[in-house]
2 protein chains.
Amino acid sequence: MFEARLTQGVLLRKLLDSMKDLVQDANFDCSSTGFALQAMDSSHVSLIHMQLRSDGFDHFRCDRNLSMGVSLNNMAKILKCMGNDDVLTMKAEDQGDSVTFMFESANQERISDFELKLMDIDSEQLGIPDTDYSATVKMPSAEFARICKDLSTIGDTVLIAVTKDGVRFSTTGDIGSANVTVRSHSNVDKPEEQVVIDMQEPVALTFALRYLNSFAKATPLSNQVMISMSKELPVVVQYRIEDMGHISYYLAPKIEDEEMEGDE
Amino acid sequence: MFEARLTQGVLLRKLLDSMKDLVQDANFDCSSTGFALQAMDSSHVSLIHMQLRSDGFDHFRCDRNLSMGVSLNNMAKILKCMGNDDVLTMKAEDQGDSVTFMFESANQERISDFELKLMDIDSEQLGIPDTDYSATVKMPSAEFARICKDLSTIGDTVLIAVTKDGVRFSTTGDIGSANVTVRSHSNVDKPEEQVVIDMQEPVALTFALRYLNSFAKATPLSNQVMISMSKELPVVVQYRIEDMGHISYYLAPKIEDEEMEGDE
DNA sequence: TGCAACGGCA
DNA sequence: TGCCGTTGCA
């Protein structure tokens, strides 16, 4: 059987809120390693990969590898019924057709359990190559979200250009154009505000803002986001979940990079 | 060229938010005097006149008079991308077809520039006669906004009647009628709450609440509003922008003044 | 479905 | 007083 206890149950709710708009149904893979999910979004353009390591849970038991197919929307609905400070326990039998979510309020005054039916879902598990990226930008997640949202009022795509000093987000649309430049900088007092650029060589790639805005739904999970890019490869937008794992989004670049690269 | 720097960039955003619902497209007139706009609303019923003096800017340069035609909606969209504490710089070439808005975050960590295409807009510049008004009421802008909003749930028009002691706002509709009377009073400790009436002779005029409610969008610009009236002349609803200028709205009275004047 | 105003909390 | 979370509207 599978049983996992998470004191910060709210984490799983945030995870579901950050995935359910992109993916309808998906398999959660439970193993002794942890609790993971990998899925393409409904339009088969972007890929989500989420992983919570077993040692991040307060209790974790998984006798046999288990693949639980769920409707992310319905699972999110159930997790909305959890109190903000509730402790979450998930349980599933090896041959069962459902998963149970138990919520315990901090003082045990209220205990709820919700059972969600499982579904059979075909899933192609894609191998994600472990790439050395040309450039990685670590920046405040809220700032990244804000930039993507702002630029979507002007255009549909964004050119992300990384140089060693900073990262520039640019777009063009009917009403005009926009550039937002964020400079690399550290602040010892406020590490959550730092912008760190780790660059082997400059990269500039164009992406559909629509997807980046969906990825930014994960902002509540971490106050920093890591954006990794290499020429002609999908960008990785990763939010680390402290002491537990991460959620990462992959999105292939648009082709017109070079054309736009010279724009101002 | 034209270049103007405003530390409180948020002021311009508030100005646009207060105009964009009334006017689609308009010309901003830049001159050594300052940055101004005058336009009729789309239904040609009311008039907006906004003026920011050059000395209110932190830097102001305008080599030649320039008339920049913009879509207020698009300009407002761009200004929404500005951070609340950002410093704003506007730039336009004399013969250019665009204006650039640059936003600098307080610590220069983030610099954005947005380019907005200019448009050719016919504008009849109306002369606004410098009238001595029969009565001027200065009152808290939030209170004026609240009264107009409240009265519009009852009726479509408001009779504003000024006597030396106070100002009465009255309306009538299908479900009943309403009067709100605000008394003149000063409070040395809280000047922003004072109601000052400067009256040569009593005035009572009727206006469409719909427009007053639009004017009240300027409430965030100032905590006081000045309402000036003379018999049979358009009312002026003016919000002062500290150390910089003002935005004023003009609206002609309805004709049925005398009929309603006796109403209670 | 996404944004804006409002109210509650820190 | 400022920020966040929620709710209501477009």
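If you're wondering where the values come from, they're calculated on a predicted model, not measured in any experiment. In what follows, chains are A, B, ... by sequence order, proteins preceding strands, each numbered from 1.
- Taking atom CG of residue A:Leu22 and atom P of nucleotide C:dT1, one finds them 12 Å apart after rounding to whole Å.
- C:dA4 atom C1' lies 17 Å from atom CG of B:Leu79, rounded to whole Å.
- As a whole-Å value, the separation of B:Asn84 CG from D:dG2 C1' is 11 Å.
- Applying the salt bridge (charged side-chain N to carboxylate O under 4.0 Å, His left out) rule to pairs touching residues 170-181 of chain B yields nothing, sequence neighbours excluded.
- Distance B:Asp17 CG to C:dA5 P: 8 Å, rounded to the nearest Å.
- In this structure, CG of B:Asn213 is placed 14 Å from P of C:dA5, rounded to the nearest angstrom.
- Taking atom NZ of residue A:Lys217 and atom P of nucleotide C:dC3, one finds them 9 Å apart after rounding to whole Å.
- Relative ring orientation between A:Phe35 and A:Phe28 is described as parallel, the plane-to-plane angle staying below 30° on a 0-90° scale split at 30° and 60°.
- Atom-to-atom, OH of A:Tyr211 to C1' of C:dG2 comes out at 17 Å; the value is rounded to the nearest Å.
- Remark: the A:Asp41 side chain and the A:Ser46 side chain contain an N/O donor-acceptor pair separated by less than 3.5 Å.
- Separating the NZ atom of A:Lys20 from the P atom of C:dG2 is a distance of 9 Å, rounded to the nearest angstrom.
- For the salt bridge (Lys or Arg N to Asp or Glu O under 4.0 Å) test, no residue two or more places apart in sequence or in another chain qualifies with A:Arg210.
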